[in-house]
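The sequence lines fix the lettering, A, B, ..., with proteins before strands; numbering per chain opens at 1. Every value quoted in this text rests on a predicted model; they were computed, and no experiment measured them.
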There are 4 protein chains.
Amino acid sequence: MYHGNRHGRSAAAREAVLQAADDLVAEIGYANVTIEGIAARAGVAKQTIYRWWRSKTDVLVDAFVADSTQELTLPDTGAFRTDLRAHLDELVRFLEVSDSGAVFRALTGEAQHDLKLATRLRAEVLPRLRARDRVPFDRAAARGELSADADVDLLVEQVVGPIHFRVLVTGEPVTPALLDALVAQASLATSRSL
Amino acid sequence: MYHGNRHGRSAAAREAVLQAADDLVAEIGYANVTIEGIAARAGVAKQTIYRWWRSKTDVLVDAFVADSTQELTLPDTGAFRTDLRAHLDELVRFLEVSDSGAVFRALTGEAQHDLKLATRLRAEVLPRLRARDRVPFDRAAARGELSADADVDLLVEQVVGPIHFRVLVTGEPVTPALLDALVAQASLATSRSL
Amino acid sequence: MYHGNRHGRSAAAREAVLQAADDLVAEIGYANVTIEGIAARAGVAKQTIYRWWRSKTDVLVDAFVADSTQELTLPDTGAFRTDLRAHLDELVRFLEVSDSGAVFRALTGEAQHDLKLATRLRAEVLPRLRARDRVPFDRAAARGELSADADVDLLVEQVVGPIHFRVLVTGEPVTPALLDALVAQASLATSRSL
Amino acid sequence: MYHGNRHGRSAAAREAVLQAADDLVAEIGYANVTIEGIAARAGVAKQTIYRWWRSKTDVLVDAFVADSTQELTLPDTGAFRTDLRAHLDELVRFLEVSDSGAVFRALTGEAQHDLKLATRLRAEVLPRLRARDRVPFDRAAARGELSADADVDLLVEQVVGPIHFRVLVTGEPVTPALLDALVAQASLATSRSL
DNA sequence: AAATAATCGAGACGGTACGTCGAGTCTTAAT
DNA sequence: ATTAAGACTCGACGTACCGTCTCGATTATTT
């Protein structure tokens, strides 16, 4: 067994911590993750974690950002409705199924009673997600399917809001029926604004 | 056949606990509330809390339910759009401003990593809220403004989803512009179904 | 199952408590006996115990006294040395082996930091034991083997003191060698005082 | 090969705990001493106590041993009788009057229903006391006052046994009359063995 | 190459709160 | 009127993590 500074300077330790945090959330659930647990799992001293992060949520935000850096490019189907539907399917998969989505839900939950976390999420995570949600609408606008003065952010919220509501609040599964209705509603808005 | 002290829990203790829990959430925030703190504030032994509740969230669900028992009846304005708008104003006030709403947000947040809490919320709290959200739609249906085969629950989700999304996820204020858009969209849905 | 006052007045409850206390000491050891445990075992309400006894040690003193009421009469062998040796054998058996002796040791131990218990023991238990310890000496005096002005209590202490010392302090077994020495020493004292 | 914080326990914390334990026993009595109380008094975290000691008795044994490390050398009076008498006077003072003796009595009491404590006492405390009790006899042997084949440990027990009996069992004061009798008896034993 | 400084692991520290246990007091319904 | 049942307040238990703090070992940089 090896001791002392086994990570050269720090990069390796940093990655070990993020990886351990990710693993632990998946294995034992967000609520049961502790700084001590992450340190033990990562083979890192507690102090090393405290040197770089303020709290376990801070670690998890970094882990989440690191994971979601991998850009997934939405294939262009040539039409707004199909583009949007494909994106929403992907969004639902992320929120309901993926490990990454589990972390997102946990962090969003924790942010309800942690103002600092809420601020970080809104500064670093949400803009990225928002940008992705806008893609189908921006493409539609480029195609001229959408009037230039339409409030895309507002339209986005009307579409993704109900999905998040189901996932975060009611806990009911997001059904194809809901997605159909949302796509129909968005299409109506685009066509109406012509 | 009864025996022993069958009067069971002391009503005074129960109320003191719920009141203390409510007060503490308002004063120091959900994350800082502890069972010990509630017990001290309520002048009650910790054991008494543990006898009747599993956790602090369990206490707060009870407190929330007790508070929200007071039905607020939505005034009938005679038209769907105005009914709905009045209801949404009230909903936003609840979510963003009220103490009760702060508890709701905290509990919903905690439910993201506490399955038992999630189950309780979905069984005891959400149906009540859902029923309130349906009122404008049900009245519209009674007036014949809405086709009988419309999926009211779906319509409700499309309207309240974006509001919860702002409050819980983005943290942005719910603006009149959003409410206008939601009412317009809902009206469209009703008129279209004629 | 039966409830309420199932013991008529009280005598039965009293006996049930003493019996339960005795059993529990034998089964789980003095240190693990609790009032609640005695009450549960006896099928009696805690309050009933508190009505008659101050503490668990108080119960156990009563139980001990009740048990040791059965007088064991020391057979008269006709000579001091053999009388004394028989008595000491019996004393060692009591202290080292018997359940009753285990209770005696526990109570004596507890009395080191419980003044009330110490007082009760010295008033109710020790005189009885002392009386038994005197028997061989008193018989010797009656036979004229002992001078009338000998301090029997002092002689008794010199004989039983080392035995209690081994049992309570060093925990070493009381060996025949020790008993032989003690008997010899006592005999010397008696013969010298002629 | 060492690694990590191998300096182990903090000497300051250890001493603070032992001192606080000693003080508390003297002030409020053994039965009222709690781990929490010791921790608070010592300005130490409870966990620190639990890290190094199993129980309050374990702390007190350490405190007792630390206190009694200070060897008291018995002055040599030149004769067995006076040596022994001086030692017994000192022993009685220890058992009946000193704070240290109070701890000894409490620990001996507790050992009646705590096997682990009993074992520790017999391994670490009693041999030291026994050694002290032997001193007058060993000196007598060195002077030739005692036959070489005398069982000194047995003689010691016959002398100190009755003293412990009074202190621990009957609670009566150890009188000069008893000490006189014990010294006389021991002298007889020594002279007889010439 | 040797000395120096930064950073690592390990883990002890003072704390806070946890959830449990038993003490001793109280109230209620059954007998 | 006394009991069994059991809820109550209280205090301590022993545990889990928190965030801070040495400590000695291990590098990486500086001399």
Heavy-atom side-chain contact between C:V17 and C:V59 under 4.5 Å: yes
Given E:dC26, F:dC13, F:dC10, the nucleotide with the shortest approach to the side chain of D:Y50: F:dC13
To the nearest angstrom, how far is C:W53 atom CH2 from E:dA23 atom P? 15 Å
For A:S98 and A:S100: C-alpha separation, side-chain torsions, deciding distance, then whether side-chain hydrogen bond (donor to acceptor under 3.5 Å, both in side chains) applies. CA-CA 5 Å; A:S98 73; A:S100 193; 5.0 Å; no
Please compare D:R14 and C:S55 by the position of their nearest nucleotide in DNA chain E and report the one closer to 5'. D:R14
Could you tell me the separation between the NZ atom of B:K56 and the P atom of E:dC18, rounded to a whole number of Å? 8 Å
Short side-chain N/O contact to F:dC8 OP1/OP2 from B:R51, under 4.0 Å: yes
Nearest-nucleotide wise, let me know which of C:V33 and A:A45 is further upstream toward the 5' end of DNA chain E. A:A45
Between B:D62 and B:R14, is any pair of side-chain heavy atoms under 4.5 Å apart? yes
State which of F:dG14, E:dA10, F:dC8 makes the closest approach to the side chain of D:I35. F:dG14
Looking at C:Q47 and E:dC26, is any side-chain donor or acceptor paired with a base atom of the opposite kind under 3.5 Å? yes
To the nearest angstrom, how far is D:N32 atom CG from F:dC13 atom C1'? 16 Å
Integer-rounded Å distance: E:dA17 P and B:I38 CD1: 12 Å
Any idea which of E:dG9, F:dC17, E:dC8 is nearest the A:E36 side chain? F:dC17
Under 4.0 Å, heavy atoms only, any strand: does B:G43 hit a base, just the sugar-phosphate, or nothing? sugar-phosphate
Could you please name the option among E:dC18, F:dC8, F:dA12 that lies closest to any side-chain atom of B:T34? E:dC18
Is the backbone of B:L107 close enough, under 3.5 Å, to the side chain of A:Q112 for a donor and an acceptor to pair up by distance? no
Taking A:K56 for its side chain and A:A21 for its backbone only, find out whether a donor-acceptor pair lies under 3.5 Å. no
Consider the side chain of B:K46, meaning its heavy atoms from C-beta on, and name the nucleotide among F:dC18, F:dT15, E:dT20 that approaches it most closely. E:dT20
If you only use heavy atoms from C-beta on, which nucleotide in E:dG9, F:dA4, E:dC13 is closest to the side chain of C:T48? F:dA4
Using a cut-off of strictly less than 4.0 Å, decide whether B:W52 has a side-chain nitrogen or oxygen near OP1 or OP2 of F:dC8. yes
In whole angstrom, what separates A:I49's CD1 from E:dG11's P? 15 Å
